[in-house]
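Since the structure comes first, as structure tokens, the remarks are kept for the end.
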Amino acid sequence: MNRRNIFLTILFLSLCVLSFGANTKNKSWVSRLEPINWWTGMQHAELQLMLFGPNISDATVAVDYEGVLLKRKVLTDNPDYAFLYFDITENAKPGTMNIVLSRGKKKQTIAYELKARREGSALRAGFTEADAVYLLMPDRFVNGNPANDSIKGYHQGVNRADLSKRHGGDIEGVISKIPYLADLGITALWTTPFFDNNDTQYSYHHYGVSDYYKIDPRMGSNEDFVRMTKICHDNGIKYILDVVPNHCGGSHWWMQSKPSADWFNEWPQFTSSNYRMTAWTDPHRSEADLTRLTKGWFAPNMPDFNLNNPLVFDYLRQAYVFWIERSYVAGLRVDTYPYNDIKLAAKFIQSIRDEYPNMNVVGECWVKTPAETAYYQSGNNNKDGFDSCLPSVMDFLLKDVLHEAINQSEGWESGMARYYAHYAQDFVYANTNLLMNFLDNHDIDRFSTAVKGDVRKYKMGLAMLMTTRGYPQIYYGTEIMLEGIAGTYEGHRFDFPGGWKEDTRNAFTRAGRTEAENEVFDYLKKLLHYRKNNTVLQSGRMKQFIPQDGIYVYFRYNNEKTVMVMTNNNEVEKELEMKRFAEMLGGITKATEITSGKVIDLNNVKIPAKTVWVMEL
Ligand code: CA
């Protein structure tokens with residue numbers, strides 16, 4: 001290179017830098033662009049891109065990328081937003097597409113990544129009735145990374161002395177216990193959300209999202225979340241994502257500048273929901289009650305989405321598809337389903353299932369009659385034609401009935417008679433195998449509280465949960481009979497002992513558990529493994545006999561096996577004759593109780609007080 005060329009080169013480079021400098025002096029016109037990336041080859045070819053920046057609505061948009069068409073630009077009453085709708089056709093290949101924004105002669109280019117989908121992503125397996133689900137609140141489970149307990153720019157740090165504050169549990173903590181869960185016999189994991197939740201209070205539960213494209217740094221990174229789901233997948237545990245279509249959080253960045261006046265259901269002043277989900281199924285309901293149920297806010301810091309606005313609908317749909325596609329999510333749990341306009345909620349869930357046809361979804365439809373619960377299960381023959389698109393629903397009433405039955409004395413309609421009657425209502429369901437059963441969860445008193453720490457009653461509940469129709473959900477700490485405080489919201493959200501390095505004991509280990517805790521742990525583990533390895537408890541038919549004298553007997557059976565479950569709800573040992581069960585027993589006279597391994601002589605049955613025997617015939 002001669003001197004003149006060097007001079008020209010330097011001059012050229014200087015000009016480049018100048019021109020680049022001139023560009024960067026005008027900072028990016030767009031401060032938010034969501035989704036942060038997308039994929040080619042999605043079933044739903046349309047992509048909505050939300051652009052946020054000062055007066056971004058006035059920018060002209062162009063894209064030049066093979067197979068990608070800019071279909072339309074949708075503007076709202078807020079000039080700082082523009083919603084671009086693209087068609088990512090089947091001709092589009094993975095790569096970086098340039099979206100060019102212009103204002104007169106000024107231009108800015110946004111590089112946007114279209115990734116390749118993971119092989120088999122669309123047809124990934126969902127959870128089934130064969131699974132046993134473990135529910136945990138990450139903040140209260142294990143603190144795997146104390147370094148992220150407090151993060152600059154985030155309101156709440158850690159205060160373990162206060163149940164309403166953050167305690168420091170995180171993704172790393174969950175990851176560290178995946179082998180423990182697999183060993184216990186768990187095959188599916190539902191965690192409460194990990195999304196960014198920068199509220200000034202109650203942020204620990206993460207149901208008030210402040211950024212849909214960011215895992216809260218106090219929980220870990222976006223990559224940590226993906227890694228956690230991958231490790232679950234590799235350990236035979238299906239990860240269930242908690243989907244919240246009803247609301248975001250009061251600290252969401254939208255609240256500084258709402259995307260549109262009708263983005264949320266607005267009221268002149270804070271108006272709560274009436275929380276009366278009966279309004280959806282009540283043929284005599286008033287419109288006022290229904291409006292209050294669905295458009296009232298769940299809490300002051302939970303702005304209520306207007307899913308009727310297609311921009312909101314598409315935004316949220318993509319936010320959840322984004323995390324499913326990016327990670328190894330194998331199922332969805334839908335929060336507060338009936339607080340939404342249920343027709344839109346159904347459409348919302350179906351739009352996700354269109355993308356992942358094998359994805360299973362369980363809905364939180366917190367209603368208290370079998371008729372209402374059945375209404376929310378997909379495939380139910382509802383008179384009004386409504387189909388929830390939820391293959392699975394939670395059996396909230398079962399929990400009540402079981403708690404009551406174990407504590408009640410026997411009567412015509414109490415105790416086991418009441419429990420039996422619950423199943424006699426099963427004719428209302430489209431699919432009893434996909435009812436999610438539980439003794440407790442993060443919103444209700446712990447079962448340990450309901451039985452006041454009585455290990456006998458507690459084991460009865462576990463055995464009945466694990467052997468009835470449907471599939472079980474176990475709340476973290478249930479395996480050690482973790483205590484709670486009845487009737488208080490946070491009293492069932494204690495930390496798992498041993499999840500923090502400063503804890504005085506580690507209940508994740510045998511040595512760290514008390515004798516009673518080990519008894520409960522071993523009992524549940526045996527039941528979980530038996531259920532995991534025997535389809536009879538997953539999908540076998542159920543036959544029950546009317547309880548007599550506090551003894552309730554039911555069978556699960558299929559072509560391979562018959563399991564007889566005998567429940568003595570009395571405070572005394574009971575002797576019973578087997579003649580009444582002849583249609584199931586045939587000539588069988590011996591059975592093995594699966595939790596103890598004992599062989600039971602069916603000609604001479606004396607079942608101890610407050611005991612359940614799970615017997616393989
Ligand atoms: Ca932490």
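Scope of the values below: all heavy atoms of this structure, side chains included, with no hydrogens, waters or symmetry mates. Remember, it's 1-based here, ligands and their atoms both numbered in the order they're listed.
Here the angle centred on the Ca ion (ligand 1), running from OD1 of N143 over to O of N145, is 80°, rounded to 10°.
The shortest heavy-atom contact between N407 and K457 is OD1-NZ, 3.0 Å.
Both tests do not hold together for R513 against F508: distance to the six-membered ring centre under 6.0 Å, angle to the ring axis within 45°.
For a distance bound of 3.0 Å, the N, O or S atoms of G168 include one lying that close to the Ca ion (ligand 1). With a cut-off of 3.0 Å, the Ca ion (ligand 1) has no N, O or S atom of M219 in range. For a distance bound of 3.0 Å, the N, O or S atoms of E172 include none lying that close to the Ca ion (ligand 1).
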Applying side-chain contact (heavy atoms from CB on, under 4.5 Å), run through D440 and K399 and close with a yes or a no.
CA-CA 7 Å; D440 45 23; K399 179 271 303 178; 5.7 Å; no
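Restricting D170 to its N, O or S atoms, the one at the least distance from the Ca ion (ligand 1) is OD2. Here the N, O or S atom of D149 that is nearest to the Ca ion (ligand 1) is OD1.
For the side chain to side chain donor-acceptor pair (under 3.5 Å) with Y134, the qualifying choice from Q473, E479, K177 is E479, the only one to do so.
Taking the six-membered ring wherever Trp is involved, the centroid distance between the rings of F322 and W39 falls below 6.0 Å.
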